[in-house]
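Residue numbers start at 1 and run along the sequence shown.
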Amino acid sequence: ATGLVNGETESVLTGVTASGTGKNAGSYSSKATGSDSNYNLTFIDGSLDIAKANATVIANSNHSAIYNGKDQSVTGFTATGLVNGETEAVLTGVTASGTGKNAGSYNSKAIGSDNNYNLTFVDGLLDIAKANATVIANSNHSAVYNGKDQSVTGFTATGLVNGETESVLTNVTASGTGKNAGSYSSKATGSDNNYNLTFIDGSLDIAKANATVIANSNHTAVYNGKDQTVSGFTATGLVNGETESVLTNVTASGTGKNAGSYSSKATGSDNNYNLTFVDGSLDIAKANATVIANSNHTVVYNGKDQTVTGFTATGLVNGETESVLTGVTASGTGKNAGSYS
């Protein structure tokens, strides 16, 4: 509570209670209610913010399927990072499956969302031996920027006759490579003595990594009559030992002159990171000054009221004078001989 008088603390507000409760991820109001005999109370809500927990969903894999001329599939998933003994059964909005018919490698993908978890998805695989005469370069749609070269290799083939498999395509290669976030082609090349080959590109899709940018704070500044600033930022979530220096398009600053609290804000973007910004602050404390009311030691009784006014001050900064203290007055009055404050 603010505004309590005479050094009283919140303990005097015996008729006031405040609470907020929540279980699932989300924002819940914390409300104060009640009354007091000595205070007209204004209530400001607080909040209970429950962030989603992080969990990883791993689509199931099947590495043992063999081409049989029919569609084959892999379903289901496992999850890590679930809390309080919860199991995959709570992820009712998540499904995972992968399907393929011809020999090759197929992604098993998990999709969906959950109210209480931020989900990271990891692909599984459905690997079917033997393919046909169309060569399809593999794709990787789940890579995330990690500061290193990443690649996708290999291919599948359909249309091979007489039970032959990709092993006969000894002169065919397929690959795609990239480092920064973006989409790169994965291309198959080569030839074969017995087949006219049609090539279909795959892709390597590298998503931006997530990072948080925190604008710097300065809680020790004291009013000096001049503009004061705080600049710079720190970042969390950067990968591969990268530092804030890679975030060349990000700036952060806050400026203030008078005593008070000012926000320090970070702005910008980056090609390899999805950025979340957290404000810092510039807190300028009041400076200390002493105000000395003027004295008059030379007046002589004249039968009338006599006064002394004005003041001097020490401790003012940056060349400021008493004129800045517009909220301060000083005076003393007396009539009879004597000493008056």
Side-chain angles (χ1 to χ4, degrees), residues 52 54-63 73-81 91 93-114 117-128 131 134-158 166 172-190 197-213 235-242 246-250 268-276:
K52 289 185 178 185
N54 294 321
T56 299
V57 175
I58 306 126
N60 290 342
S61 294
N62 181 353
H63 302 296
S73 63
V74 59
T75 61
F77 61 89
T78 59
T80 61
L91 302 178
V94 177
T95 60
S97 64
T99 302
K101 178 179 179 179
N102 295 313
S105 185
Y106 299 83
N107 285 332
S108 173
K109 287 185 173 292
I111 58 173
S113 61
D114 188 78
Y117 291 96
N118 292 313
L119 300 177
T120 298
F121 296 104
V122 178
D123 287 355
L125 291 173
L126 169 62
D127 298 321
I128 303 176
T134 297
V135 176
I136 306 135
N138 289 341
S139 293
N140 182 352
H141 302 299
S142 61
V144 177
Y145 175 72
N146 64 4
K148 303 176 182 179
D149 284 336
Q150 300 187 63
S151 62
V152 57
T153 61
F155 62 89
T156 59
T158 61
E166 291 88 353
V172 176
T173 60
S175 65
T177 301
K179 178 179 178 180
N180 294 319
S183 185
Y184 303 85
S185 289
S186 173
K187 291 184 174 290
T189 60
L197 300 177
T198 299
F199 297 104
I200 298 176
D201 287 351
S203 66
L204 169 63
D205 300 320
I206 302 178
K208 290 185 179 185
N210 294 322
T212 300
V213 174
T236 60
L238 302 179
V239 298
N240 196 38
E242 290 184 343
V246 302
L247 303 178
T248 55
N249 292 325
V250 177
S269 61
D270 188 76
N271 290 333
N272 290 320
Y273 291 97
N274 293 313
L275 300 177
T276 299

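In this structure, the separation between CD1 on Ile58 and OG1 on Thr80 is 4.5 Å, given to the nearest 0.5 Å. The line from OG1 of Thr75 to CG of Leu126 is 10.5 Å long, rounded to the nearest 0.5 Å. Rounded to the nearest 0.5 angstrom, Asn249 CG and Asp270 CG are separated by 7.0 Å. Asn210 CG to Tyr145 OH: the interatomic distance, rounded to the nearest 0.5 Å, is 13.5 Å. The line from OG of Ser175 to CG of Leu204 is 10.0 Å long, rounded to the nearest 0.5 Å.
The shortest non-hydrogen separation linking Ala79 to Leu91 is CB-CD1, 4.0 Å. In terms of heavy atoms, Val135 sits closest to Leu197 at CG2-CD2, 4.2 Å. Considering all non-hydrogen atoms of both residues, Ala110 and Ala59 come closest at N-CB, 4.0 Å. Minimum interatomic distance between Asn240 and Gly147 (heavy atoms only, all atoms of both residues): ND2-O, 3.2 Å. Residues Ser203 and Ser183 approach most closely at CB-OG, 4.2 Å, considering heavy atoms.
Side-chain polar atoms of Ser142 and Asn140 form a donor-acceptor pair below 3.5 angstrom.
The shortest side-chain heavy-atom distance between Thr56 and Thr120 falls under the 4.5 Å cut-off. Two residues are said to be in side-chain contact when any heavy atoms from C-beta on lie closer than 4.5 Å; Val239 and Tyr273 meet this criterion. With contacts defined as side-chain heavy-atom distances shorter than 4.5 Å, the pair Phe155/Glu166 qualifies. Between Asn271 and Asn180 there is no side-chain heavy-atom pair separated by less than 4.5 Å. Taking the side chain as every heavy atom from C-beta outward, Asn138 and Thr156 approach each other to under 4.5 Å.
Here the side chain of Asn107 pairs no donor or acceptor atom with the backbone of Lys109 at under 3.5 angstrom. Under the 3.5 Å distance criterion, the side-chain polar atoms of Asn272 are matched with a main-chain donor or acceptor of Ala181.
Counting heavy-atom neighbours within 6.0 Å of Ile200 CD1, excluding the residue itself, gives a total above 12. Around atom NZ of Lys52, more than 12 heavy atoms belonging to other residues, nucleotides or ligands sit under 6.0 Å away.
Screening Thr99, Leu125, Val122, Val74 for a side-chain contact (heavy atoms from CB on, under 4.5 Å) with Ser108, the sole residue that qualifies is Val74.
Remark: Asp149 does not engage Lys179 in a salt bridge, criterion side-chain N to carboxylate O under 4.0 Å.
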